[in-house]
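Beneath this line is the structure, given in structure tokens, with notes to follow.
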Amino acid sequence: MEECISVFDMLKIGVGPSSSHTLGPWRAAERFLEELKNESILEQVTRVKVDLYGSLSLTGKGHATDLAVMLGLSGQDPEYIPVDNIAGIIKTIETKNEIILGNQITIPFYFLQDIVFNKDFLPFHANGLKFTAYKADDSEYESTFYSIGGGFVVKEERTNAKIKEEIKCAFPFPIQNAVELLNYTVSENKSISEIVYENEKSMRPEEEIHSELMRIWNTMLECMYIGCHTGGILPGGLHVRRRAFDMHQNLIGLANYDNPQSWLEEIRKTEVKFRQILKWVSCFALAVNEVNASLGRVVTAPTNGSAGVIPAVLMYYLVIENHNAGEKEIKQFLMVAGEIGSIFKKGSTISAAMGGCQAEIGVSSSMAAAALCELMGGSPAQVLMAAEIAMEHHLGLTCDPIGGLVQIPCIERNTMGAIKAINAAELALETDSKNAKVPLDKVINTMWQTAKDMNSKYKETSEGGLAIAVNMADC
């Protein structure tokens with residue numbers, strides 16, 4: 001079945017460190033609560049147990065999966081919860097051994113017993129979790145969800161299939177792959193962002209599209225700002241020192257600003273040489289993923305682990321390439337990026353637990369390359385070529401986080417993805433698209449085949465690669 005995927009599905013505001021292991025389980029807990037309410041059994045629940053399977057179990061501690069489940073069950077919303085409140089809510093649950101289920105009824109909850117880490121993999125997807133509600137009459141209600149990457153959550157029976165199909169019918173330009181997208185741009189004489197905008201308008205008012213896109217960008221900008229102005233050591237036990245703070249200080253010196261927007265304007269005044277550009281792009285990407293690693297608010301792009309690539313590349317365009325750029329270009333960039341990400345999700349995966357880090361950093365680099373290429377004047381064919389180039393040189397990238405934390409090699413990897421995206425866009429702009437040898441759809445298919453061939457040790461399990469070559473004691 002074809003999927004209808006909006007830009008706002010691909011770019012979601014949430015809390016770090018992981019879209020598949022934090023945001024997804026959080027949303028699954030919310031959906032479980034909704035089921036309990038729909039079945040009119042919430043008030044009868046006396047205990048809740050959560051079983052985590054596969055990758056969610058193997059790296060769940062490092063990804064704060066257990067914390068996300070508790071926050072979701074307590075009725076908190078990851079998009080709007082003040083991040084400063086998270087630690088207090090978790091501490092209350094752990095010390096009182098109780099949880100306010102759905103923010104309505106208080107039940108006993110012993111997190112060391114009621115959240116179970118099972119190393120077994122469920123057959124449907126590597127990220128499975130099962131909720132069991134025990135009722136006063138000794139009966140049980142069970143529900144199993146799968147966090148498939150990017151904060152997307154499904155059930156095996158896909159109960160939402162009919163709803164998605166109905167939404168799909170509203171799109172004037174339904175897109176399943178890159179060829180269809182390119183054909184629309186030719187037949188309609190429109191850019192990729194214009195095609196995407198027409199689809200978005202079929203789902204929501206233009207004013208909402210504008211405000212939500214700008215809310216996404218402002219969240220990204222604030223995230224970079226916070227990351228560049230926060231020093232210290234990241235939580236988790238690896239003792240990773242934040243680097244964006246020191247790098248930023250060395251780049252900007254004693255500039256005068258007091259908010260994210262005035263900060264952006266001050267960066268535009270700084271020296272622009274090749275080394276400085278590399279440092280700025282790296283600094284932006286580091287900043288986002290350091291915020292992500294500390295349970296801060298980020299935008300999935302398309303995942304939390306790869307959240308730094310797209311804001312870093314867009315910021316590069318705004319502060320280096322085009323000082324006159326504003327809301328028009330920001331919205332254009334985000335729409336192109338979102339569409340490219342959706343094509344990858346439909347044709348392959350954006351879950352590291354299914355495809356390794358090529359599914360996260362590779363896809364985010366491809367999204368950013370395409371978006372930058374359009375802003376730099378690339379034709380639709382060149383935009384798709386930029387996306388292809390970026391992914392082609394991420395094929396086979398493994399996911400092997402040390403200690404199951406989204407820190408090493410994840411944070412640095414965002415800087416590499418951002419730089420590759422800029423390079424891919426430039427290569428595409430200098431190439432006649434008629435001479436392209438590898439279509440984007442072919443590289444997406446290749447990525448999926450590579451994902452299926454990849455050993456499970458390199459799919460976000462911390463059972464291979466750097467995760468075993470470097471242990472916590474080494475850090």
- Query: Can you check side chain to side chain contact (heavy atoms under 4.5 Å, CB included) on Gln261 and Leu264, steps first, answer last?
  - Reply: CA-CA 5 Å; Gln261 188 58 45; Leu264 185 154; 4.1 Å; yes

- Task: Step by step, work out the salt bridge (charged side-chain N to carboxylate O under 4.0 Å, His left out) result for Arg31 and Glu34.
- Result: CA-CA 5 Å; Arg31 285 181 56 178; Glu34 185 178 344; over 6 Å; no

- Message: For a side chain to side chain contact (heavy atoms under 4.5 Å, CB included) check, start with the C-alpha distance between Gln358 and Trp448, then their side-chain angles and the critical distance, and finish with the verdict.
- Response: CA-CA 10 Å; Gln358 61 174 357; Trp448 181 229; over 6 Å; no

- Message: I'd like to know whether Leu67 forms a side chain to side chain contact (heavy atoms under 4.5 Å, CB included) with Leu295, so could you lay out the CA-CA distance, the side-chain angles of the two residues, the decisive distance to 0.1 Å, and finally the verdict.
- Response: CA-CA 10 Å; Leu67 308 187; Leu295 275 76; 4.3 Å; yes

- Could you go through the side chain to side chain contact (heavy atoms under 4.5 Å, CB included) check for Trp217 and Leu11 one step at a time? CA-CA 10 Å; Trp217 165 244; Leu11 305 173; over 6 Å; no

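Under a 3.5 Å cut-off, the side chain of Gln276 and the backbone N or O of Leu251 do not form any donor-acceptor pair. No side-chain donor-acceptor contact under 3.5 Å links Ser147 to the backbone of His21. A donor-acceptor pair under 3.5 Å is formed between the side chain of Ser379 and the backbone N or O of Gln382. The main-chain N or O of Phe171 is never found under 3.5 Å from a side-chain atom of Asn199 such that the two would form a donor-acceptor pair. Remark: the backbone N or O of Gly362 is not paired with any side-chain donor or acceptor of Ser365 at under 3.5 angstrom. Within the 3.5 Å criterion, the main-chain N or O of Gly404 finds a donor-acceptor partner in the side chain of His63. Judged by distance alone, with hydrogens and angles left aside, the side-chain atoms of Thr22 form no donor-acceptor pair with the main-chain N or O of Ala64 at under 3.5 Å. At least one donor-acceptor pair closer than 3.5 Å links the side chain of Lys12 to the backbone N or O of Gly150. The backbone N or O of Lys279 lies less than 3.5 Å from no partner atom in the side chain of Ser282, so there is not a single donor-acceptor pair. Proximity of a side-chain donor or acceptor of Ser294 to a complementary backbone N or O of Glu290 within less than 3.5 Å is detected.
Checked for salt-bridge contact, Arg204 and Glu200 meet the test: a charged N lies under 4.0 Å from a carboxylate O. Between Glu412 and Arg243 there is a salt bridge, since a side-chain N of the basic residue sits under 4.0 Å from a carboxylate O of the acidic one. A salt bridge links Arg268 to Glu265: at least one charged side-chain nitrogen sits closer than 4.0 Å to a carboxylate oxygen. Here Lys155 pairs with Glu35 in a salt bridge; the nearest charged N to carboxylate O distance falls below 4.0 Å. A salt bridge links Arg241 with Asp246: at least one charged nitrogen is closer than 4.0 Å to a carboxylate oxygen. A salt bridge links Lys201 with Glu198: the distance from a Lys NZ or Arg NE/NH1/NH2 to an Asp or Glu carboxylate oxygen falls below 4.0 Å.
Between Leu429 and Cys373, the closest side-chain pair of non-hydrogen atoms falls below 4.5 Å. Put simply, the side chain of Leu397 reaches to within 4.5 Å of the side chain of Arg413, judged on heavy atoms. Looking at heavy atoms from C-beta onward, Val272 lies out of side-chain contact with Trp280 at the 4.5 angstrom threshold. Side-chain contact between Val313 and Tyr317 is absent, with no heavy atoms from C-beta onward closer than 4.5 Å. Counting heavy atoms from C-beta outward, Ile330 and Leu318 have side chains that approach closer than 4.5 Å. Here the side chains of Leu466 and Thr398 are not in contact, with every heavy-atom distance at 4.5 Å or above. Side chains of Phe131 and Val69 form a contact here, defined as non-hydrogen atoms less than 4.5 Å apart. Using a 4.5 Å heavy-atom threshold, the side chains of Asn414 and Ile361 count as touching.
Using a 30° and 60° split on the angle between ring planes, Trp263 and Tyr225 fall in the perpendicular class, above 60°.
With sequence neighbours left out, Val291 forms a side chain to side chain contact (heavy atoms under 4.5 Å, CB included) with Cys223, Ile226, Val298. With sequence neighbours left out, Ile419 forms a side chain to side chain contact (heavy atoms under 4.5 Å, CB included) with Leu278, Val281.
For the atom pair Arg297 CZ and Thr219 OG1, the distance stands at 7.5 Å (nearest 0.5 Å). Note that the CD1 atom of Ile277 and the CD1 atom of Ile422 stand 8.0 Å from one another [nearest 0.5 Å]. The NZ atom of Lys420 sits 12.0 Å away from the OG atom of Ser366 when rounded to the nearest 0.5 Å. Between atom CD1 of residue Ile310 and atom CG of residue Leu372 there is a gap of 11.5 Å, rounded to the nearest 0.5 Å. With values rounded to the nearest 0.5 angstrom, Lys437 atom NZ is found 10.5 Å from Met385 atom CE. For the atom pair CD1 of Ile216 and CG of Leu221, the computed distance is 14.0 Å after rounding to the nearest 0.5 Å.
Scanning both residues, Ser364 and Pro302, for their nearest heavy atoms gives CB-CD, 3.6 Å. Taking both residues in full, the closest heavy atoms of Trp26 and Pro78 are given as NE1-CD, 3.3 Å, listed atom of the first, atom of the second, then distance. Shown here for Ala370 and Ile340, the closest heavy-atom pair between the two residues is CB-CG1, 3.6 Å. Contact detail for Pro235 and Ala293: the closest heavy-atom pair is CG-O, 3.9 Å. Leu375 approaches Glu329 most closely through the heavy-atom pair CD2-O, 3.6 Å. Between Glu460 and Pro401, the shortest heavy-atom distance links the atoms CA-CD, 4.4 Å.
Within 6.0 Å of atom NZ in Lys442, 12 or fewer heavy atoms from other residues, nucleotides or ligands are found, so the atom counts as exposed in its surroundings. More than 12 non-hydrogen atoms from other residues, nucleotides or ligands lie less than 6.0 angstrom from CE of Met247. Summarising the local packing, CD of Glu194 is surrounded by more than 12 heavy atoms from other residues, nucleotides or ligands at distances under 6.0 Å. The number of heavy-atom neighbours closer than 6.0 Å to CG of Asp432, taken from other residues, nucleotides and ligands shown, is above 12. A 6.0 Å sphere centred on CG of Asn189 holds no more than 12 heavy atoms belonging to other residues, nucleotides or ligands.
Annotation: cation-pi pair Lys331/Tyr197 absent, no NZ/CZ under 6.0 Å from the ring centroid and within 45° of its normal.
Ser193 and Glu374 share a donor-acceptor pair across their side chains, judged by distance under 3.5 Å alone. Using a 3.5 Å distance cut-off with no hydrogens or angles, the side chains of Ser211 and Glu208 do not pair a donor with an acceptor.
Applying side chain to side chain contact (heavy atoms under 4.5 Å, CB included) to Pro17 and the options Thr65, Asn304, Asn292 leaves one that passes, Asn292.
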